[in-house]
Amino acid sequence: MKINRWTYEMNRLLPLAACALVLGALVTPKIIGSQVNTKLNEIITSINVTQGYKLDITELESGWFSTQAKLKLSLDPEAMGDLQGIQSDSWEIDLDFDASHGPILLGDTTEFGLVNWQVGVAADSLRDTLSWPENTALYQMKGKLDLSSELEYKDRIIPFTSIAGEMNQFDFSGYQGGGTYKEAVFSYQGEAERFSAKTGDGELEITKLTVDTQIESALEDLFDAIFYDSNGKLNIASIVLNEQSSGERLDVNDLYVTSQTLLDKTTGALDLAIVYGVKSIEMDDFVGEDFALGLEINHLSQAFFGAYQSFVPSLASADSDQSSVLVMDFLKENLLSLVVAEPEIKVTSLRGTIAQGSFESHLNASLVGINTMPANIYDTAFWLSHTLLDGQIKGDKAVIELAAKFFMLTQLKSNPQTQGMSLAQLEEIADSQVPMLLQTIVYQGLIISDDNSYSTQLSFKDSVFKVNEQAVPLPF
């Protein structure tokens with residue numbers, strides 16, 4: 001399904017979204033006292049050491065009770081991988097910063113506190129495409145740090161629409177968010193009711209975006225710390241996409257991403273769990289529900305990622321050959337700190353239900369027992385000798401048979417002997433060959449069949465790979 005005609009306009013909004021993330025992640029925790037000018041320079045330093053970002057003060061006025069500044073945030077598309085195709089002139093963002101210094105804060109009201117601040121992104125360069133009230137910043141943030149170092153702030157994106165008469169039409173209800181820091185816990189919640197787009201290719205509507213995050217950390221370390229305890233969830237109630245030319249319709253309901261991090265206070269290692277899921281999907285004749293991919297990455301070394309964080313800026317000015325040398329030198333010096341912690345990756349759940357039935361799988365992989373690195377870090381035998389793996393793939397028979405049919409159709413479509421055959425003819429061939437294919441795999445012991453399902457058990461230990469307890473030779 002195609003949505004290409006409004007991709008360019010959406011790309012122009014990406015710098016604004018990136019700016020909101022940068023401000024929320026770097027500005028808020030840095031303003032922790034009355035020395036606003038000093039903190040502002042710390043913010044700039046924090047951002048400028050991040051690859052692809054550059055923040056400059058273009059104007060600054062400071063007095064006893066207030067500070068006003070104009071800032072320019074530049075983003076380098078070439079440093080951001082897949083985003084490099086976007087025109088670079090759309091990656092400069094002007095920010096207006098205004099702060100009142102405590103302990104007596106002067107403004108619309110007089111109150112006690114360490115600092116009040118507000119940040120606005122006018123985004124006037126988008127006004128040739130989007131419309132919102134004049135003399136109003138498209139993105140706004142307001143915050144306060146009180147005398148007890150409790151923080152609260154609110155941010156929002158103003159509702160906007162596309163310019164009347166434009167071929168590609170947009171309508172966004174706006175975004176509102178708010179965060180607090182109390183008792184060593186930072187909490188943030190935000191929501192947007194609706195976004196819609198209409199182009200010559202079709203229509204898109206997204207409803208009810210919500211964000212909910214909690215982080216446990218000292219305020220001054222909130223975003224300087226590498227690892228901390230946290231949990232969060234991003235949810236979209238529904239996505240509806242209609243393609244005009246084909247008449248296809250895609251309905252996605254209750255799309256979500258959840259995350260949790262747990263820090264081992266003794267070792268400093270981190271466990272990370274992420275779940276991507278969707279309650280239901282409908283597209284033409286396809287209906288599915290309860291799709292989820294659960295991942296865990298455990299025993300991550302804080303020492304390794306701290307070293308990597310310090311290393312990344314050195315790549316900014318290096319060409320491809322220099323980068324390869326730098327990366328290799330970094331790995332030789334730091335990789336042991338990563339693997340000695342015995343990191344593991346788990347696919348805790350890969351599941352879903354369709355009309356034909358359900359499937360459910362899991363997989364665990366880890367590196368164990370490494371205390372010294374090999375002379376050649378590309379030594380395959382060394383890594384295999386320290387690798388553990390176990391898992392299961394299981395599905396109702398009708399689901400596995402359908403997957404086998406799709407695989408067979410893919411092979412038939414690329415076979416020169418079947419060129420010119422209709423889809424119906426190819427499906428007839430696939431339907432006749434799939435039972436024989438699965439029967440052969442069952443006979444080989446690679447799949448176990450019972451009355452209702454097919455399943456496969458996988459394991460790898462002591463450099464031996466087994467499928468259903470049957471050793472399988474490796475090609476290396």
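Hydrogens, waters and symmetry mates play no part in the numbers below; they use all other heavy atoms, side chains included. Here the structure is a predicted model, which means the values were calculated and not measured.
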Exercise for the section: Show your reasoning for whether side-chain contact (heavy atoms from CB on, under 4.5 Å) applies to L95 and K72. Expected result: CA-CA 6 Å; L95 303 90; K72 184 179 292 291; over 6 Å; no
Practice task
Check the pair T161, F172 against side-chain contact (heavy atoms from CB on, under 4.5 Å), reporting the backbone distance first and the verdict last.
Solution key: CA-CA 6 Å; T161 61; F172 180 53; over 6 Å; no
Practice task
Mind running side-chain contact (heavy atoms from CB on, under 4.5 Å) on L438 and I400 for me, showing each step along the way?
Solution key: CA-CA 9 Å; L438 291 174; I400 303 302; 4.3 Å; yes
Practice task
Kindly indicate, with the supporting measurements, whether the criterion side-chain contact (heavy atoms from CB on, under 4.5 Å) is fulfilled by L71 and T58.
Solution key: CA-CA 6 Å; L71 312 174; T58 58; over 6 Å; no
Practice task
Go through the steps to decide whether S162 and Q169 satisfy the test side-chain hydrogen bond (donor to acceptor under 3.5 Å, both in side chains), and finish with yes or no.
Solution key: CA-CA 5 Å; S162 52; Q169 293 293 309; 2.9 Å; yes
Practice task
Start with the C-alpha gap between E203 and N242, add the side-chain angles, then the distance that decides, and say whether side-chain hydrogen bond (donor to acceptor under 3.5 Å, both in side chains) holds.
Solution key: CA-CA 5 Å; E203 299 180 2; N242 289 291; 4.8 Å; no
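The shortest non-hydrogen separation linking L367 to V339 is CD1-CG1, 4.0 Å. Pairing each heavy atom of S414 with each of Q411, the nearest pair is OG-O, 3.0 Å. The minimum heavy-atom distance between F359 and L350, with the atom names listed, is CD1-O, 3.8 Å. Of all non-hydrogen atoms in L412 and A430, the two that sit nearest each other are CD1-N, 4.1 Å. Considering all non-hydrogen atoms of both residues, S217 and Y228 come closest at CB-CB, 4.4 Å. Contact between A307 and N334 at its shortest, heavy atoms only, is CB-OD1, 3.4 Å.
Not a single donor-acceptor pair under 3.5 Å links the side chain of S301 to the backbone N or O of A341. Here the side chain of T410 pairs no donor or acceptor atom with the backbone of M408 at under 3.5 angstrom. No donor-acceptor pair under 3.5 Å is formed between the side chain of T353 and the backbone N or O of S358. At least one donor-acceptor pair closer than 3.5 Å links the side chain of H299 to the backbone N or O of E342. Using modelled atom types, one side-chain atom of D264 and one backbone atom of T266 make a donor-acceptor pair closer than 3.5 Å. Remark: the backbone N or O of G268 is paired with a side-chain donor or acceptor of Q302 at under 3.5 angstrom.
By the 4.5 Å heavy-atom criterion applied to side chains, F170 and F195 are counted as neighbours. Here the side chains of L295 and V347 are in contact, with some heavy-atom distance below 4.5 Å. Looking at heavy atoms from C-beta onward, E289 lies out of side-chain contact with V278 at the 4.5 angstrom threshold. The shortest distance between side-chain heavy atoms of Q457 and Q392 falls below 4.5 Å. Taking the side chain as every heavy atom from C-beta outward, S361 and R351 never approach each other to under 4.5 Å. For the pair M141/Q118, no side-chain contact is recorded, criterion being any heavy-atom separation below 4.5 Å from C-beta on. A 4.5 Å side-chain heavy-atom check between T136 and E134 finds every atom pair outside the cut-off. The closest side-chain heavy-atom distance from I281 to L250 is below 4.5 Å.
Within 6.0 Å of the CD atom in E152, the count of heavy atoms belonging to other residues, nucleotides or ligands does not exceed 12. Around atom NZ of K182, no more than 12 heavy atoms belonging to other residues, nucleotides or ligands sit under 6.0 Å away. Counted within 6.0 Å of NZ on K279, heavy atoms from surrounding residues, nucleotides or ligands total 12 or fewer; the atom is thus considered open. Around OH of Y308, the count of heavy atoms belonging to other residues, nucleotides or ligands within 6.0 Å does not exceed 12. More than 12 heavy atoms of other shown residues, nucleotides or ligands fall within 6.0 angstrom of atom NZ in K405.
Only one option out of L255, N235, L234 pairs with L209 in a side chain to side chain contact (heavy atoms under 4.5 Å, CB included); it is L234.
Salt bridge absent: D284 and R249 never bring a charged side-chain N and a carboxylate O closer than 4.0 Å. Under a 4.0 Å N-O distance rule, the pair D171/R194 qualifies as a salt bridge. A salt bridge is absent between K346 and D271: the closest approach of a Lys/Arg side-chain nitrogen to an acidic carboxylate oxygen does not fall below 4.0 angstrom.
The OG atom of S349 lies 8.0 Å from the CG atom of L293; values are rounded to the nearest 0.5 Å. Remark: Q189 CD to Q176 CD distance equals 13.5 Å, nearest 0.5 Å. Note: I158 CD1 to F160 CZ = 11.0 Å, rounded to the nearest 0.5 Å. Remark: S187 OG to E216 CD distance equals 9.5 Å, nearest 0.5 Å. The CG atom of L423 sits 6.5 Å away from the CG atom of L409 when rounded to the nearest 0.5 Å. The OG atom of S459 sits 7.5 Å away from atom CG of L389, with the distance rounded to the nearest 0.5 Å.
Side chain to side chain, T261 and S230 meet the donor-acceptor criterion of an N or O pair below 3.5 Å. At a cut-off of 3.5 Å, with distance as the only test, a side-chain donor of S453 or D450 sits close to an acceptor on the other residue. Checking Y139 against D155 by side-chain atom types alone, a donor-acceptor pair falls below 3.5 Å. No side-chain donor from either of E205 and S196 sits under 3.5 Å from a side-chain acceptor of the other. In this model, a donor atom of one side chain and an acceptor atom of the other lie less than 3.5 Å apart for Q140 and R156.
For N364, the side-chain hydrogen bond (donor to acceptor under 3.5 Å, both in side chains) partners are D390, not counting sequence neighbours. Residues passing the side-chain hydrogen bond (donor to acceptor under 3.5 Å, both in side chains) test with Q214, sequence neighbours excluded: D212. Listed by chain and number, the residues in a side-chain hydrogen bond (donor to acceptor under 3.5 Å, both in side chains) with K70 are D96 (sequence neighbours excluded).
Figure legend: cation-pi geometry between K397 and Y454, with NZ or CZ positioned under 6.0 Å from the six-membered ring centre and within 45° of its axis. Taking the ring axis of Y256 as reference, the NZ or CZ atom of K233 stays within 45° of it and closer than 6.0 Å to the ring centre.
Note on ring orientation: taking the six-membered ring where Trp is involved, the planes of Y175 and Y188 are parallel (angle under 30°, cut-offs 30° and 60°).
Residues F330 and F311 place their aromatic rings such that the two centres sit under 6.0 Å apart.
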